Amino acid sequence: MEKIVSLCKRRGFIFQSSEIYGGLKASYDYGPLGVELKKNIKETWWSDMVHCRNDIVGLDCSIVMHPDVWKASGHLAGFSDPLVDCKNCKERFRADQAPRTEAGTEVEFREGGKSSGSKLKGVVDKRGYVCPVCGCPDLSAERQFNLMFRTSIGPVDPLQEIADAAGELADLDMKGRMKKLHEIVARSAVYLRPETAQGMFVNFKNILDSSRVKPPFGIAQVGKSYRNEITTSNLTFRTCEFEQMEMEYFVKPGEDEQWYDYWRNTRLSWYVKLGLSQDKLRLRDHKQSELAHYAKACADIEYYFPFENQDGEGEWGELEGIANRTDYDLKKHSGFTGKDLSYFDPETKERYIPYVIEPAAGADRAALAFLCDAFDEEIVPTAKGGEEVRTVLRFHPKIAPVKVAVFPLVKRDGMPEKSQAIMDDLLSTGINCFYDHGGAIGRRYRRQDEAGTPYCLTVDSQTIEDDTVTIRDRDTMQQERIPMNGVVEIMKKRIGN
RNA sequence: GCGAAUGUAGCUCAGAUGGUAGAGCGCCAGCUUCCCAAGCUGGAUGUCGCGGGUUCGAAUCCCGUCAUUCGCUCCA
């Protein structure tokens with residue numbers, strides 16, 4: 001994994017955000033190659049989900065939505081669980097999941113939370129629970145960790161309103177003061193969406209009325225979402241700002257289970273089609289206890305990332321979740337707004353609230369998985385008969401950032417001019433290409449290998465005579481000669497455009 | 001946010017006991033080179049994460065802070 005991180009930075013895939021200012025926790029920027037990779041993934045997803053089928057339409061909705069959307073969806077309550085720190089063993093846990101013990105009971109625990117150490121005694125306070133790890137009742141205050149990013153809309157800074165109310169606040173006790181502060185903040189509070197899905201539910205009726213769709217049909221959206229994650233880790237795997245590729249598929253109740261199966265399989269095979277190793281992919285069904293409150297069933301598509309854990313092994317990480325969200329969301333929004341979000345089938349004269357099957361993928365995670373999977377080091381013979389390591393990113397041509405590189409074998413005899421002519425042809429088609437005349441030819445090939453460029457075209461002395469060039473394959477390093485004027489067609493064919 | 005470790009050139013890292021910073025690779029220019037990180041010559045690059053303190057003097061010692069990695073937790 002360190003090698004991948006290093007390569008990402010060296011070649012311009014991923015940089016740390018605001019790096020010259022010392023970086024910002026778990027924020028990353030995509031460099032010139034990274035943005036191409038991620039964009040290719042998103043475009044392929046969009047193409048496969050929206051353009052290549054006639055039952056799914058697209059949507060691009062605002063990141064900041066009406067705050068009540070999040071009340072209805074349950075995020076405003078469910079995303080803020082009171083957490084408590086144990087003063088004995090330093091464990092942090094959720095107050096609602098701690099073992100209950102009656103207030104006033106005297107309990108025993110070990111110093112530092114270890115099995116050895118002197119026995120200590122303590123009395124459970126009025127909260128009525130103890131540390132789930134060491135059983136200690138000496139705990140910090142319950143603190144809210146809001147997992148949504150809150151900001152305010154409107155020109156008046158809520159801090160100003162708080163300042164104006166300072167006198168009133170000073171007279172209140174802590175509980176009353178927090179309540180009053182919440183009231184003030186709530187007047188202008190809005191949230192950065194923690195998922196794109198709610199945009200599809202909120203626009204369900206708009207799309208139904210404007211797009212001549214009928215169940216089963218889907219709404220797809222690609223966009224940024226934000227969550228204050230407690231812990232972040234492993235490069236772009238878990239970040240506070242991330243990009244989702246989500247699709248909500250609305251079906252008739254009773255048909256939901258078959259569509260759930262359909263999307264599980266369809267989405268898994270999508271990753272395989274784009275080149276992820278099948279043996280590093282798995283579909284993991286959630287246990288009943290794992291399911292979110294709104295889900296009837298859920299399965300994760302997981303990839304075996306090379307994150308090194310204690311045993312030096314990799315780790316399964318979620319790329320995408322496929323959930324049967326039932327009619328939970330539409331019902332909730334219907335309840336909060338009083339709007340009818342049911343569908344009337346004119347053929348069967350039936351009215352129902354559709355069930356929703358949701359394949360929700362992380363674009364950043366997909367990009368990371370493709371990057372990890374493409375990474376390869378192989379021993380190759382050198383020109384001098386020795387051996388060395390060749391680093392190569394074996395991207396599927398469809399997601400490779402640069403599709404083709406063009407080189408003059410040497411920088412004279414008209415070769416640079418010929419190369420430039422080929423470049424002009426490629427540039428005019430929009431195929432992402434790259435020109436390089438610096439240094440030895442071998443070095444240029446290897447540079448492209450590290451960037452994952454699937455093909456290199458080289459102009460040599462024979463080109464000057466008969467207008468053919470060599471095309472070199474990234475994975476096999478084999479070359480063949482092709483006519484110069486057929487370059488664009490051959491490239492289009494090979495990269496699948 | 002808690003515990004532990006780390007932070008020196010683009011990358012990987014060296015810099016015992018404090019005396020104003022080094023290597024390899026990469027990068028740039030030129031020459032050479034008809035095909036896989038080749039060769040030769042020359043070149044550029046470091047607020048030693050940031051801020052403060054101790055000291056005649058700090059990359060080195062102390063404090064704080066930011067970030068990264070590994071555990072706890074959560075999830076796409």
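The analysis underlying the following values was restricted to heavy atoms, covering all of them including side chains, and did not include hydrogens, waters or symmetry mates. This is a predicted model, so every value here is computed, not measured. All chains are named by letter (A, B, ...) in the order of the sequence lines, taking the proteins before the strands, and each is independently numbered beginning at 1.
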Q) What parts of residues 462-469 of chain A reach RNA chain B, counting only heavy atoms under 4.0 Å away? A)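 None, since no heavy atom is under 4.0 Å.
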
In whole Å, what is the span from the [atom1] atom of [X] to the [atom2] atom of [N]?
{"X": "A/F15", "N": "B/rC11", "atom1": "CZ", "atom2": "P", "answer": "10 Å"}
{"X": "A/M415", "N": "B/rC35", "atom1": "CE", "atom2": "C1'", "answer": "11 Å"}
{"X": "A/K25", "N": "B/rC2", "atom1": "NZ", "atom2": "C1'", "answer": "11 Å"}
{"X": "A/M148", "N": "B/rC74", "atom1": "CE", "atom2": "P", "answer": "18 Å"}
{"X": "A/N228", "N": "B/rG1", "atom1": "CG", "atom2": "C1'", "answer": "12 Å"}
{"X": "A/Y21", "N": "B/rA67", "atom1": "OH", "atom2": "C1'", "answer": "16 Å"}
{"X": "A/L235", "N": "B/rA67", "atom1": "CG", "atom2": "C1'", "answer": "14 Å"}
{"X": "A/E480", "N": "B/rC36", "atom1": "CD", "atom2": "P", "answer": "18 Å"}

**Q.** Residue pairs fulfilling ring-ring contact (aromatic ring centres under 6.0 Å, His included) with at least one residue in residues 383-422 of chain A, sequence neighbours excluded
**A.**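 Qualifying pairs: A/F407-A/Y445.
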
Salt-bridged, [X] to [Y], with N to O below 4.0 Å?
{"X": "A/R264", "Y": "A/D285", "answer": "yes"}
{"X": "A/D364", "Y": "A/K38", "answer": "yes"}
{"X": "A/E450", "Y": "A/R444", "answer": "no"}
{"X": "A/D376", "Y": "A/R390", "answer": "no"}
{"X": "A/K418", "Y": "A/D467", "answer": "yes"}
{"X": "A/E43", "Y": "A/K398", "answer": "no"}
{"X": "A/E377", "Y": "A/K3", "answer": "yes"}
{"X": "A/E257", "Y": "A/K296", "answer": "yes"}
{"X": "A/D475", "Y": "A/R394", "answer": "yes"}

Q) Does A/R238 get its side chain close enough to the base of B/rC74, under 3.5 Å, for a donor-acceptor pair? A) yes

Q.
Any donor-acceptor pair, under 3.5 Å, between the side chain of A/S461 and the base of B/rC34, if you only look at N and O atoms?
A.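 Side chain to base: pair present.
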
For [N] versus [M], give the span between their [atom1] atoms, rounded off to a whole number of Å.
{"N": "B/rC2", "M": "B/rG15", "atom1": "P", "value": "32 Å"}
{"N": "B/rU54", "M": "B/rC63", "atom1": "C1'", "value": "11 Å"}
{"N": "B/rG19", "M": "B/rG52", "atom1": "P", "value": "22 Å"}
{"N": "B/rG43", "M": "B/rU47", "atom1": "C1'", "value": "23 Å"}

Base, sugar-phosphate or nothing for [X]? Non-hydrogen atoms, less than 4.0 Å.
{"X": "A/T470", "value": "base"}
{"X": "A/L7", "value": "nothing"}
{"X": "A/R412", "value": "sugar-phosphate"}

**Q.** A/Q16, nearest nucleotide to its side chain (from B/rA67, B/rC75, B/rC34)
**A.**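 From the listed options, B/rA67 comes nearest.
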
Q.
From C-beta outward on A/Y28, which listed nucleotide comes closest to its side chain: B/rU69, B/rC11, B/rC34?
A.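 My answer, after comparing the listed nucleotides, is B/rU69.
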
Q. Based on Watson-Crick and G-U pairs with both distances under 3.5 Å, what dot-bracket line describes RNA chain B 5' to 3', crossing pairs as [ ] and inter-strand pairs as |?
A. (((((((..((((.....[..)))).(((((.......))))).....(((((..]....))))))))))))....

Q. Is a donor on one side and an acceptor on the other found under 3.5 Å between the side chain of A/D413 and the backbone of A/M415?
A.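 Absent.
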
Q: Using a 4.0 Å heavy-atom cut-off, write out nucleotides 37-51 of chain B from 5' to 3' as B (base contacted by protein), S (sugar-phosphate only) or - (no contact).
A: BB-------------

Q | Under the side chain to side chain contact (heavy atoms under 4.5 Å, CB included) test, residues paired with A/I63 that sit two or more places apart | A | A/L192, A/R193, A/K224, A/Y226

Q: Please list, chain by chain and in numerical order, all residues satisfying side chain to side chain contact (heavy atoms under 4.5 Å, CB included) with A/P416, sequence neighbours excluded.
A: A/P408, A/K411, A/Y435

Q) If each of A/Q244 and A/G439 is mapped to the nucleotide of RNA chain B with the nearest heavy atom, which maps nearer the 5' terminus, i.e. the 5' end? A) A/G439

**Q.** Syn or anti for B/rA16 (syn when the glycosidic angle lies within 90° of 0)
**A.**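 Syn conformation here, the glycosidic angle of B/rA16 being no more than 90° from 0.
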
Q | Presence of A/K9 side-chain N/O under 4.0 Å of B/rG10 phosphate oxygens OP1/OP2 | A |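 Answer no for this pair, as no side-chain N or O of A/K9 is under 4.0 Å from OP1 or OP2.
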
